[in-house]
Amino acid sequence: MAEKITPRLENYPKWYLNVIQEAGLADNSDVRGCMVIKPNGYAIWENMQRGLDRMFKETGHVNAYFPLFIPMSYLAKEEEMAEGFAKECAVVTHYRLKAEKGQPLKVDPTAELEEPLIVRPTSETIIWKSYKSWIQSYRDLPLLINQWANVVRWEMRTRLFLRTAEFLWQEGHTAHATAAEAEAETMQMVKVYAKFAEEFMAVPVLVGPKTEGQKFPGALYTLCIEAMMQDGKALQAGTSHFLGQNFAKAFDVMFTTPDNKKEYAWATSWGVSTRLIGGLIMTHSDDQGLVVPPRLAATHVAICPLGKTEADRAPALAAAQKLAAELRALPREEFFGYEPIGVQIDNDLKTSPGYRFAKHEVRGVPIRVEVGPKDMEKEIPTCIVARRDYLYQVELEPELNHQKKNEVPLVTSAESIVRALKDMQRVLFERAKKYRDARTVTATTLEEFAALFPVKGGDKDEEETELNKLQFVYAHWDGTRETEDMVQKKYKATIRCLPFDGPMEPGTCPFTGQPSARMVLFARAY
RNA sequence: CGGGGUGUAGCUCAGCUUGGUAGAGCGCUUGCCUUGGGAGCAAGAAGUCGUCGGUUCAAUUCCGGCCACCCCGACCA
């Protein structure tokens, strides 16, 4: 059978879409720019939700839910936000259709809303409208609320998971009595995101503030996490905003201080979305399909009993069931401390072993176990444990002495599997970090910078397929919006952030010759 | 909103130039065969050819309108 997935080096964007399709993560829908998230993709999102939600709760947050529709006038109350989102808002103007026999359905012109509603692109406005009535005293603060929701941003160009017109996310919205407290919250939450990205997704990230030009509309500043994809492009994976008193002022949210004075509340907001799934795919997956770090996998182990007939297979099937039960019975702390291990027995008699192996690989199941008659005949029965992360990587990292398949005694296979899962989580992170660090460079002169972000003569395909060529580039910057805009226009590279642990020495801006406080991180971005 | 392109089976597409009412591969169903890396053979089901109109004895094919989608640009946290 022909290879179904376009190799990454041939065409990276096409590979990305192939993986999503073949792994059963999502479909394009008939509604332009919107996606259908299929069970396999949604399972990853559910695991992301679980991990994040736990971390939010551990930092004192609670969940609530606010309406999908927002009166248009609310958005208008915060000027920067209105300007920032005006061009991508879906608007509801009517509340009724007209259905007459033999006539096409149409909007009932007599059912026009007095005030149009927008579908939330983000919920600061409607949430702060509520906060106005919830916050009276300093005793009501801090207010630490998160919501899991969908939002709509009418993007011109969409890509599955990375940028869709509707997407799922969480948005935290907090109110505090002091600026310092709100700023600490902003920092705390970006660190939560960084921890989640690195420990759950096995995606290394850089943390730091956005530039003035790239911050969220309505924010005083934005902190973000940035990840490198396999093609060297950057992906903004999460943001945490210090909103100052902008929304409190827009919605008149004042509280009484202990010394009986009135003050506006201080705000933060922070969010990550289903875009993380896109980032996960483009960090770990390979030409054979999806690779999912164990902490986010719904199914961790697929056991394939082998044997031609039901009778041939019976002993192997029994062994598979025993192993599955053993794995499922493991105490949670034996795995990652909470979710139980997901085990699936693929006992399909009608498909060949190769087909089943390939199916689980393309879908990103971390561990596959093969057990068949040959294993069961042995004095000490064994099984084959195959790790998804070793496949097709062997030639890339020969020093790690990867083994595609390991034969282990059945009696010890459960521990072998748990050990492998833990190791895989670590290996994926280290591999991604090594990849990113090897592709992070410094440019001190304009010539160096220009060579790192070549602009081709129009052939976009060629440009996008040059895997390994794009890099993260540290360079000085004079701090002005003009220079930032010029670089974006000329080199299609943006300042991703000013990483907290990046180089801090002052220097000279290669673009203007002006003094620069520190180097910043440039990259092409999704 | 400008420039280009495409709408034919579940999917990817051929056929149209030169009009005569439709094909392939994959997928699906069934049977045989096959079981430690995506097998093979055979049979079968499946399409108002985007839509509306025009020309014609006859339109998937030619002409026009419309609609949808894709690519490039613009735009885009």
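In this text, all values refer to a predicted model and were calculated from it rather than measured experimentally. Below, read A as the first sequence line, B as the second, and so on, with proteins coming before strands; counting in each chain starts at 1.
- Picking from C76(B), G73(B), G36(B) the nucleotide with the shortest atom distance to the side chain of E155(A) gives C76(B).
- If you check U35(B), G37(B), G36(B) against the side chain of D375(A), the one that comes closest is G36(B).
- No hydrogens or angles were tested; on distance alone, nothing pairs the side chain of R356(A) with the base of G36(B) as donor and acceptor under 3.5 Å.
- For the pair Q21(A) CD and U12(B) P, the computed distance is 8 Å after rounding to whole Å.
- Between K215(A) and T158(A), the residue anchored nearer the 5' end of RNA chain B, judged by the nucleotide with its closest heavy atom, is T158(A).
- Taking atom P on both nucleotides, U18(B) is separated from A9(B) by 26 Å, rounded to a whole Å.
- Closest to the R313(A) side chain, of the nucleotides G37(B), U35(B), G73(B), is U35(B).
- A distance of about 30 Å separates the P atoms of G7(B) and G44(B), rounded to the whole Å.
- One interatomic measurement links the two molecules: CD of Q488(A) to P of C76(B), which rounds to 9 Å at whole-angstrom precision.
- For K87(A), a side-chain nitrogen or oxygen approaches OP1 or OP2 of C76(B) to under 4.0 Å.
- Comparing the C1' positions of A22(B) and U61(B) gives a spacing of 11 Å, expressed to the nearest Å.
- Distances were taken from every side-chain heavy atom of R163(A) (C-beta onward) to each of U35(B), G36(B), C76(B); the shortest belongs to C76(B).
- Phosphate contact (OP1/OP2 of A39(B), side-chain N/O of S352(A), threshold under 4.0 Å): present.
- Rounded to whole Å, the separation between the P atoms of A58(B) and A46(B) comes to 29 Å.
- Taking 3.5 Å as the limit, the base of G38(B) and the side chain of E361(A) contain no donor-acceptor pair of atoms between them.
- Side chain of Y355(A), nearest nucleotide from U34(B), G38(B), G73(B): G38(B).
- Nucleotides G53(B) and C67(B), compared at atom C1', are 14 Å apart to the nearest Å.
- Using bins of under 30°, 30° to 60° and over 60° for the plane-to-plane angle, the ring pair F167(A)/W169(A) lands in the perpendicular bin.
- You'll find a donor-acceptor pair under 3.5 Å spanning the side chain of K405(A) and the base of G37(B), going by distance alone.
- The P atoms of A42(B) and U6(B) are separated by 36 Å, rounded to the nearest whole Å.
- Relative ring orientation between F242(A) and W266(A) is described as parallel, the plane-to-plane angle staying below 30° on a 0-90° scale split at 30° and 60°.
- Checked by atom type, the side-chain pair T174(A)/T268(A) shows a donor-acceptor distance below 3.5 Å.
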